[in-house]
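Read the numbers this way: they start at 1 and go in the same order the structure lists the ligands and their atoms. The first residue of the sequence shown is numbered 1, and numbering continues consecutively from there.
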Amino acid sequence: MLAISSTDRVFILTGAGVSAESGIPTFRGENGLWGNYRIEEVASPHAWTRDPRLVWQFYSMRRRAASAARPNPAHCALAKLGQRLGDRLFLCTQNVDNLDEQAGSNNVIHMHGELFKSRCDTCSRPPFEDSKLYEPPAALPLCECGGRIRPHICWFGEVPFELDRIFGALEECTLFMAVGTSGVVEPAASFVAHVIGHARTIYVGADEPANLLAFTERHWGKAGEVLPQLFAQLS
Ligand SMILES: [Zn+2]
């Protein structure tokens, strides 16, 4: 049974497992391949410099796949929890889709960026909403400054977004929950280590994460089945 007191501050980290339950491919499974490419070869600053068309082809495909996906009961349970807890819930996701927003969550921290946003690779123009597909023969999108428009995604070798806010929330939280995340990708994999000593640590997911030993409580199963049950018990 999950107990959340009126003074608890809850940090929830979600990973690819939650989106996978809505049918979004993870690419980090056994082979980590897209066609003949390793994912690192289409999702890195080096790939962007070498072949931006290929990068946009990859992200256009991901936009198409994510457009067809709908929130599952895990996303809905998290949105409901947010309504109950208000700013005592800090929802941080490694996922780049907008399924949490579709389910009704506000203020979701997308530490790895957002699939339906783009930004200029040259000037300081802020990221903007963009759901277009840039697949050949479409031309590559350009900014007014002449720079190239790139996906608003944290690529391999880049620093995740909002780390200051994230580490502030980790310091403050009294309950830390990781859901459907492999515990492999840094820095997210180390978040749980930051809260040991001042927060309860709970893992929810179908697969054993690499950092399992850092969690004092584990709930095995699909997030879409476990979360609604866990949160339904809250009074
Ligand atoms: Zn620009």
Side-chain angles (χ1 to χ4, degrees), residues 13-16 18-19 22 24-28 32-69 71 75 90-170 181 185-189 191:
L13 171 70
T14 63
V18 178
S19 291
S22 284
I24 293 184
T26 67
F27 297 110
R28 287 192 200 275
L33 292 176
W34 174 57
N36 294 320
Y37 300 96
R38 287 171 52 77
I39 295 307
E40 290 85 346
E41 292 175 317
V42 289
S44 68
H46 178 66
W48 182 243
T49 304
R50 193 190 52 209
D51 194 347
R53 281 176 196 285
L54 182 71
V55 172
W56 263 124
Q57 200 180 339
F58 175 63
Y59 283 98
S60 296
M61 178 274 302
R62 293 193 63 178
R63 280 181 177 179
R64 191 184 295 107
S67 296
H75 298 108
F90 190 90
L91 179 55
C92 176
T93 185
Q94 296 168 277
N95 300 329
V96 297
D97 58 67
N98 60 7
L99 295 175
D100 282 307
E101 285 84 357
Q102 280 191 48
S105 282
N106 301 312
N107 305 320
V108 183
I109 303 295
H110 285 273
M111 63 180 293
H112 289 160
E114 294 179 68
L115 189 55
F116 295 105
K117 286 188 179 174
S118 300
R119 71 173 194 265
C120 178
D121 73 355
T122 303
C123 73
S124 58
R125 173 185 177 184
F128 56 94
E129 305 280 336
D130 184 12
S131 56
K132 289 185 195 143
L133 307 179
Y134 301 107
E135 295 170 307
L140 287 176
L142 292 176
C143 178
E144 288 170 5
C145 80
R148 287 180 177 139
I149 298 296
R150 59 165 276 181
H152 183 49
I153 296 285
C154 173
W155 284 330
F156 291 93
E158 295 186 318
V159 179
F161 302 104
E162 308 264 25
L163 287 183
D164 286 350
R165 280 181 71 191
I166 289 169
F167 280 100
L170 287 170
T181 174
V185 179
E186 293 293 355
F191 288 174

Visitor: Does Y37, at its OH atom, have more than 12 non-hydrogen atoms belonging to other residues, nucleotides or ligands within less than 6.0 Å?
Guide: no
Visitor: Just checking, R150 and W155: is the charged tip under 6.0 Å from the six-membered ring centre and within 45° of the axis?
Guide: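 Yes, cation above the ring, under 6.0 Å and within 45°.
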Visitor: Do the non-hydrogen side-chain atoms of P187 and M111 ever get within less than 4.5 Å of each other?
Guide: yes
Visitor: Which protein atoms of type N, O or S are found under 2.8 Å from the Zn ion (ligand 1)?
Guide: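 For the Zn ion (ligand 1), the protein N, O and S atoms that sit under 2.8 Å away are C120 SG, C123 SG, C143 SG, C145 SG.
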Visitor: Quick one: sort the F161 and H152 rings into parallel, tilted or perpendicular, breaks at 30° and 60°.
Guide: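 If you compare the ring of F161 with that of H152, the planes turn out tilted.
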Visitor: Do R125 and R119 come within less than 4.5 Å of each other through their side chains, counting heavy atoms only?
Guide: no
Visitor: Quick one: side chain to side chain donor-acceptor pair (under 3.5 Å) pairs with a partner in residues 45-57, sequence neighbours left out?
Guide: W48-D121
